[in-house]
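Every number for a ligand or one of its atoms is a count from 1 in the order of the listing.
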Amino acid sequence: MTPDLVLAIGMALGSMRQGTVAVGRDSRTSGPALISAIKAGLMATGCDVVDCGILPTPALQYIVRNHFDAGAVITASHNPPEYNGVKVIEADGTEMDDHEAVLLEKRIFSRSFSLKNWEAVGTEKSAPLLVDEYVSSIADRFPGLPGKGMTVAVDTGSGAACSTTPAILSRLGCRVLSLNAQPDGRFPGRLPEPSTEGLSALATLVTETGAAFGIAHDGDADRAVFIDETGQYLEENKEFALIADMVCTGKQGVIVTPVSTSFLIEKIARRHGCSVNYTPVGSIYVARRMMALISAKEKVVFGGEGNGGLIFPDHQFCRDGGMTAAMMVLLLAGTGKSLSELVRALPPSVMIKEKVHTSRAQEMIQALKKAYDAYPCTTIDGIRVTKGSSWALVRPSGTEPFVRVMVETESENDTKQFYSEIRRIIDPFIATE
Ligand code: MG
């Protein structure tokens, strides 16, 4: 990701969208150079630019939807420090869809930009305080200080959430203890991906201070993950299930999620008379499906992925880590139970997730189709086989020569057994080197 390429992205976007474009970035060291490049490209093609500084992707999405004609975030999300990228945001606050992204790429490769003359080039404004609107938009949804008396430990990972999540939790009445709370593109405390290993300091902070839970984000804070009060990492499908249980209470409608999500969501949905609508893997497909169902007059109550990326349709149509943090406070305040107790009360689930190298994914899928022709299968993304309450997914990567294999059943034994059954079918197509 070079300034040249980002300049071209800016010129392409400015040629496709007119008006005022909000830009922002995460805390990476290459952020200042790259945001300058995108601003240059946008202004050269006649767009006015508003620079919102360092903020989470969902914060910029919220701000764009309320005030601007488009947006761009310089971020590489959960990826290591040396990466960077551009997320393009549409006027409605959603990420640019595949069709528009292809048109944007075509402009970049053919260098078809509508550069403006001196009278029509754009201007730049700085708006570092606009992020407060996002903080308030979440905090104002939770009146009455639901977090009063609750201690929460927050690891913002030196990323984009430094200016948002601690503030949101404080406004909910929580006593907030923070870790890695200064934006720093060298990520001295932990990597942007919130992994079990990376969050060991957060787990210690939680257990040593008696915090109700710990929360951490990825680099651009569209995802949130949790540590329970005993220091245990909460698997993200379980996080999704617990929050779904609260969100769906008293509502009947649809939960939208990719085919890679745990059956816990299906079980929770059924408990509340809700149904599940499956999409290909990718938050953009979830967000767009939610909007399409709503346009078709369906009632959509919730959406999300089993990686801590949850979408609250009353708030906005994108994954939102700050909103997820606030919802966890509400959940614990409402039930009066500890997080580990709530997790233990979930239906049993044992999952295996593997990545296997192959360039013969399509042959694997055909073999699975044949082997399981007596069982319900969907090919929304790869192939998902359902056997009673158990399921398995074999899904090719869009960009690299491997497939992801996932299996979930209600017990350790059944999961191992189902997994080896799947492996017996796909192993002949695995690369051996
Ligand atoms: Mg992210």
Side-chain angles (χ1 to χ4, degrees), residues 1 23-31 34-35 52-64 71-90 93-97 101 131 134 138 154-165 168 180 183-185 187 189-196 198-199 202 215-226 233-234 236-237 239-240 243 257-258 260-261 281-288 303-312 315-328 398-399:
M1 188 51 68
V23 297
R25 63 180 180 93
D26 66 17
S27 58
R28 286 161 204 274
T29 54
S30 58
L34 298 183
I35 202 168
C52 302
I54 295 180
L55 78 177
T57 299
L60 193 87
Q61 291 180 279
Y62 184 83
I63 290 167
V64 168
V73 197
I74 307 294
T75 177
S77 186
H78 58 282
N79 290 291
E82 64 272 27
Y83 285 70
N84 219 334
V86 182
K87 281 188 183 176
V88 178
I89 311 300
E90 297 286 15
T94 61
E95 275 181 64
M96 182 175 257
D97 70 18
V131 66
Y134 165 76
I138 296 173
V154 187
D155 182 349
T156 39
S158 306
C162 291
S163 61
T164 53
T165 297
I168 290 167
N180 301 314
D184 187 335
F187 300 98
R190 65 166 174 90
L191 290 173
E193 172 69 29
S195 66
T196 324
L199 299 185
L202 178 64
I215 172 169
H217 296 294
D218 69 325
D220 68 335
D222 50 0
R223 286 160 48 206
V225 303
F226 296 92
Y233 189 93
L234 174 58
E236 294 91 331
N237 281 286
E239 162 194 341
F240 188 2
I243 295 180
T257 195
S260 53
T261 299
V281 176
S283 66
I284 177 82
Y285 303 115
V286 178
R288 299 235 167 236
E305 305 175 300
N307 63 3
L310 304 182
I311 305 175
F312 301 89
H315 173 51
Q316 59 174 348
F317 291 96
C318 65
R319 300 181 295 182
D320 195 320
M323 182 70 181
T324 307
M327 290 300 272
M328 183 57 83
T399 48

Who are the side chain to side chain contact (heavy atoms under 4.5 Å, CB included) partners of P192, not counting sequence neighbours?
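R28, P81, F187.
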With a 4.5 Å heavy-atom cut-off, do I89 and E95 have their side chains touching?
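I89 vs E95: side chains touch.
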Check whether any side-chain heavy atom of P183 lies under 4.5 Å from a side-chain heavy atom of S158, and answer yes or no.
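No - every pair of side-chain heavy atoms lies 4.5 Å or more apart.
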Listed partners of E239 passing salt bridge (charged side-chain N to carboxylate O under 4.0 Å, His left out), at least two apart
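E239 satisfies salt bridge (charged side-chain N to carboxylate O under 4.0 Å, His left out) with no other residue.
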Can you list the residues that meet the salt bridge (charged side-chain N to carboxylate O under 4.0 Å, His left out) rule with D220, with sequence neighbours excluded?
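For D220 the salt bridge (charged side-chain N to carboxylate O under 4.0 Å, His left out) partners, ignoring immediate neighbours, are K87.
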Count the heavy atoms belonging to other residues, nucleotides or ligands that lie under 6.0 Å from OH of Y233, then report whether that count exceeds 12.
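Yes.
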Show all protein N/O/S atoms under 2.8 Å from the Mg ion (ligand 1), or state that there are none.
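Listed by chain and number: S77 OG, D218 OD2, D220 OD1, D222 OD1.
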